[in-house]
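Have a look at the structure below, then the notes.
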Amino acid sequence: MNNITQNQKSIISNKITPQNYKVLIHSKAISKNYKSSMNSKIITNDKITEDLLKKLFNEEILALRIPNYISNYLSEKLTNFYLNHPKLECHPHDLKVNDEIQLVDYGVDRVGVSYNTTFGHLKNSPNYKNYFNKAIPAIREIRQECAPNIAPFDKLRLELDEIWSPGASIANFEGKKMHVGIARIMKRPEKSYMVEKQPHYDGLQQKGVKIRGQFSANIYIAMPNTGGELELWDVPGIPTDQFIEDSSEINWREILPQSVLVKPEVGELVIINTRKPHAVRNFTENYRISLQSFIGVKEDEHLMIWN
């Protein structure tokens, strides 16, 4: 699923820190594997294919871009819907520090429920109950808002299940269906420097969930004229069984090589590996809105989709 060999994995412990990740990035074996131009590893196509998904999952390409995945009409309709949604709330990023989960506001708001709100909480806690009670109603709310058009993540789920031979479905980590297609709204440009300053990685904090890779599907429905690019680094993806020792004070940029920028277009789908560092460039006006879900590759290759 990734290009890290057994010898290279021995370089890093079960907890990734900037120090041991730097050793991994600059090891000779890795340098050889990651020599090609990053721009050539960002693939644009008119549709998702199984071959392109395999290349992304095997770290042969850095990102998959599908322009015009949804229409400008639907993008504009959903933008107005989310900006005026009564349940718009802060969407903090989760950091794992000394075996504790910390939630940090990077200037991103959300509509929809996020699984990271359950991290560090017992399964009978209000956080768990709130997430699963709201997951399916949130999916149906967007489906109704988009009708008679197909909702963006209904379309993606159907296509992934049709294209990917082992199949794809909504995840059910706790034996219950999860949310898919959260809206990430950045309408506080004064805080957008936070998501540029600190490249981050995404990962499941629950040890009981076994996946071989974690990716993110993002459908962009509003973009600022200047700034707001997606920033990517072509370095080894951190194995999913490794935890990332992270903090808002750690300077990941200091150890990372040159990055590449992707300026998504309205209506475009972009799929990336969230176990590689990524960031969003800051912007000074307007807003940036994307619909997002994680895609997990199970050991049997079945795809699970969740937020």
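Checked against side chain to side chain contact (heavy atoms under 4.5 Å, CB included), E89 has the following partners two or more places apart in sequence or in another chain: R110. Applying the ring pair (Phe, Tyr, Trp, His ring centres under 6.0 Å) criterion to F132, with sequence neighbours excluded, gives no partner residue. Residues passing the side chain to side chain contact (heavy atoms under 4.5 Å, CB included) test with T49, sequence neighbours excluded: N45, K47, D51, L52. The side chain to side chain contact (heavy atoms under 4.5 Å, CB included) search around E76 returns N80, not counting sequence neighbours. Listed by chain and residue number, nothing satisfies the side chain to side chain contact (heavy atoms under 4.5 Å, CB included) test with P126 (two or more places apart in sequence, or in another chain).
A salt bridge does not link K210 with E299: none of the charged nitrogens is closer than 4.0 Å to a carboxylate oxygen. Taking the charged nitrogens against the carboxylate oxygens, E231 and R253 do have a contact shorter than 4.0 Å, which makes a salt bridge. In this structure, D202 does not pair ionically with R275, as no charged nitrogen and carboxylate oxygen lie closer than 4.0 Å. Using a 4.0 Å cut-off between charged side-chain N and carboxylate O, K187 and D109 make no salt bridge.
A donor atom on one side chain and an acceptor atom on the other are found under 3.5 Å apart for E141 and H85. Looking only at atom types and distance, the side chain of N68 has no donor-acceptor partner in the side chain of E268 under 3.5 Å away. A donor and an acceptor atom, one from each side chain of Y82 and E145, are nowhere located under 3.5 Å apart.
Taking 4.5 Å as the limit, some side-chain heavy atom of L156 sits within range of a side-chain heavy atom of I48. Two residues are said to be in side-chain contact when any heavy atoms from C-beta on lie closer than 4.5 Å; L62 and K276 meet this criterion.
Scanning all heavy atoms of the two residues, the minimum distance from S125 to L122 falls at OG-O, 2.6 Å.
Applying the under-4.5 Å side-chain rule to Ile, Leu, Val, Met, Phe, Trp and Tyr, the cluster around L158 extends to I150.
Every pair passing salt bridge (charged side-chain N to carboxylate O under 4.0 Å, His left out) that includes a residue from residues 112-123 is listed here, sequence neighbours excluded: K123-E174. For residues 218-229, there are no salt bridge (charged side-chain N to carboxylate O under 4.0 Å, His left out) pairs, not counting sequence neighbours. Contacts classified as side chain to side chain donor-acceptor pair (under 3.5 Å) and involving residues 219-228 (residues at least two apart or in different chains) are not found. Listed by first then second residue, pairs satisfying salt bridge (charged side-chain N to carboxylate O under 4.0 Å, His left out) with a partner in residues 216-226 number zero, not counting sequence neighbours. Judged as a salt bridge (charged side-chain N to carboxylate O under 4.0 Å, His left out), not a single pair has a partner in residues 215-228 (not counting sequence neighbours). For residues 159-188, every residue pair satisfying the ring-ring contact (aromatic ring centres under 6.0 Å, His included) rule, not counting sequence neighbours, is listed here: F57-W164, Y115-F173, F173-W306.
Looking at S192, its side chain does come within 3.5 Å of a backbone N or O of F283 through a donor-acceptor pair. Side chain of S293 to main chain of A217: no donor-acceptor pair is present (N/O by atom type, distance under 3.5 Å, no hydrogens or angles). Of the possible donor and acceptor atoms, none in the side chain of T274 sits under 3.5 Å from a partner among the backbone N and O of S216. Put simply, the side chain of N307 gets close to the backbone of Q292: a donor and an acceptor are under 3.5 Å apart.
Clustering ILVMFWY residues whenever any of their side-chain heavy atoms sit less than 4.5 angstrom apart, transitively, puts L160 in the very cluster that holds I70.
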Decide yes or no on side chain to side chain donor-acceptor pair (under 3.5 Å) for N58 and K54, but give the supporting numbers first. CA-CA 6 Å; N58 291 326; K54 286 179 180 178; over 6 Å; no
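A side chain to side chain contact (heavy atoms under 4.5 Å, CB included) with I271 holds for exactly one of I219, I43, L56; it is L56.
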